[in-house]
Participant: 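Before I ask anything, here is the structure I am working with.
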Amino acid sequence: MEANDLQGAFVVEVGVRQAWPFLTFAWPDQDAECRLYIDTTFRVDDQDLADGDPERAASALLALSNANVTEVVVGDNAELTLRFDSSPRRVLVVAGTSADFTTHDIWWLRRQ
């Protein structure tokens, strides 16, 4: 699965697996789901999450629950930007670089 495949998906779950906050996405016309795991700094709108606290991170990601992905951008340095149709409009930006607390890839997708 590629990040661009998230276009049109909506957030059905937010959580933490070990130390990694995640979002689970589903599509209206598919039974499959996909998780986006985050293991670096990120921000939701203007709220920066740079301390590696997974509970605080998951709490911030709850603002994206039930929102549809309207745009996916993967930058040259692997920075991931997802825009949502929520009200108010929300943006998730995952850094394209590792942090002091990174133990895996900076972000990755896994089908459920």
Side-chain angles (χ1 to χ4, degrees):
M1 168 155 275
E2 300 290 324
N4 288 332
D5 295 333
L6 294 176
Q7 181 82 27
F10 62 98
V11 179
V12 295
E13 180 182 34
V14 174
V16 175
R17 181 179 175 101
Q18 294 179 318
W20 305 306
F22 67 82
L23 294 170
T24 303
F25 295 90
W27 292 260
D29 58 347
Q30 298 178 24
D31 289 334
E33 295 183 349
C34 177
R35 276 193 181 162
L36 167 65
Y37 291 96
I38 302 171
D39 195 16
T40 192
T41 61
F42 68 94
R43 72 176 190 272
V44 176
D45 301 325
D46 294 328
Q47 182 180 7
D48 286 322
L49 292 121
D51 59 7
D53 181 341
E55 290 180 29
R56 196 166 90 71
S59 179
L61 291 172
L62 281 172
L64 305 174
S65 189
N66 294 316
N68 293 295
V69 178
T70 59
E71 183 181 9
V72 178
V73 177
V74 180
D76 292 339
N77 67 346
E79 179 181 86
L80 175 65
T81 302
L82 300 178
R83 296 188 191 288
F84 296 87
D85 70 350
S86 55
S87 180
R89 301 276 182 201
R90 302 272 185 206
V91 177
L92 169 66
V93 179
V94 181
T97 57
S98 61
D100 291 341
F101 56 84
T102 301
T103 61
H104 200 275
D105 292 335
I106 52 176
W107 61 267
W108 67 98
L109 297 168
R110 177 147 313 149
R111 279 233 185 243
Q112 297 299 106

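Numbers here simply count residues along the sequence, with the first being 1.
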Participant: What is the distance from atom CZ of R111 to atom CG of D5, rounded to the nearest 0.5 Å?
Facilitator: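 One finds 7.0 Å between CZ of R111 and CG of D5.
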Participant: So how far is it from L6 CG to E71 CD, rounded to the nearest 0.5 Å?
Facilitator: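 Answer for the CG-CD pair, L6 versus E71, is 13.0 Å.
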Participant: Throw together a table of side-chain donor-acceptor distances under 3.5 angstrom for residues 7-25, partners on residues two or more places apart or in other chains.
Facilitator:
{"from": "Q7", "atom 1": "NE2", "to": "T70", "atom 2": "O", "distance (Å)": "2.6"}
{"from": "E13", "atom 1": "OE1", "to": "T24", "atom 2": "OG1", "distance (Å)": "2.8"}
{"from": "E13", "atom 1": "OE1", "to": "R35", "atom 2": "NH2", "distance (Å)": "3.2"}
{"from": "W20", "atom 1": "NE1", "to": "D39", "atom 2": "OD2", "distance (Å)": "3.2"}
{"from": "T24", "atom 1": "OG1", "to": "R35", "atom 2": "NE", "distance (Å)": "3.1"}

Participant: Looking at D46, I want to see if its CG is surrounded by more than 12 non-hydrogen atoms of other residues, nucleotides or ligands under 6.0 Å.
Facilitator: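 No - once you tally the heavy atoms of other residues, nucleotides and ligands closer than 6.0 Å, there are 12 at most.
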Participant: Could you check whether atom CG of N77 has more than 12 heavy atoms from other residues, nucleotides or ligands sitting under 6.0 Å from it?
Facilitator: yes
Participant: Surrounding CZ of R90 (heavy atoms of other residues, nucleotides or ligands, distance under 6.0 Å), is the total greater than 12?
Facilitator: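 More than 12 within 6.0 Å, yes.
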Participant: Under the side chain to side chain contact (heavy atoms under 4.5 Å, CB included) rule, collect the residues that match up with S65, sequence neighbours excluded.
Facilitator: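 S65 satisfies side chain to side chain contact (heavy atoms under 4.5 Å, CB included) with no other residue.
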Participant: With ILVMFWY side chains joined below 4.5 Å, transitively, what does V91's cluster contain besides itself?
Facilitator: V93
Participant: Is the backbone of E55 close enough, under 3.5 Å, to the side chain of D53 for a donor and an acceptor to pair up by distance?
Facilitator: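 Yes; at least one donor-acceptor contact below 3.5 Å.
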Participant: Where is the tightest heavy-atom contact between T40 and A99, given as atom of each residue plus distance?
Facilitator: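 What the structure gives for the nearest pair is OG1-N, 3.6 Å.
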Participant: Below 4.5 Å, heavy atoms only, C-beta onward: do L49 and L61 meet side chain to side chain?
Facilitator: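 No, side chains not in contact.
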Participant: When rounded to the nearest 0.5 angstrom, what distance separates CD in Q112 from SG in C34?
Facilitator: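 Nearest 0.5 Å value for the CD-SG distance: 7.5 Å.
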Participant: Locate the shortest heavy-atom distance separating F42 from L92; write the atom from each residue and the value.
Facilitator: CD1-CD1, 3.5 Å
Participant: Can you check whether P88's main-chain N or O pairs, donor with acceptor, with S86's side chain at less than 3.5 Å?
Facilitator: yes
Participant: According to a hydrophobic-cluster definition based on side-chain heavy atoms being under 4.5 Å apart (Ile, Leu, Val, Met, Phe, Trp, Tyr only), do W108 and V94 belong together?
Facilitator: no
Participant: Tell me whether M1 is reachable from I38 by hopping between hydrophobic residues (I, L, V, M, F, W, Y) whose side-chain heavy atoms are closer than 4.5 Å.
Facilitator: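 Same cluster: I38 reaches M1 through Ile, Leu, Val, Met, Phe, Trp or Tyr contacts under 4.5 Å.
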Participant: Give me the atom names and distance for the closest heavy-atom approach of F84 to R89.
Facilitator: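 Nearest heavy atoms, F84 then R89: O-CD, 3.7 Å.
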Participant: As an exercise, state the distance from CG of D85 to CG of N66, rounded to the nearest 0.5 Å.
Facilitator: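 Answer for the CG-CG pair, D85 versus N66, is 10.0 Å.
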Participant: What are the two closest heavy atoms between A3 and V72, and how far apart are they?
Facilitator: O-CG1, 3.5 Å
Participant: Which heavy-atom pair separates A78 from I106 by the least distance, and what is that distance?
Facilitator: CB-CD1, 4.0 Å
Participant: If you compare all heavy atoms of T41 against all heavy atoms of A50, which two are closest, and at what distance to 0.1 Å?
Facilitator: CG2-CA, 3.5 Å
Participant: Can you tell if the side chain of W107 reaches within under 4.5 Å of the side chain of L36, non-hydrogen atoms only?
Facilitator: yes
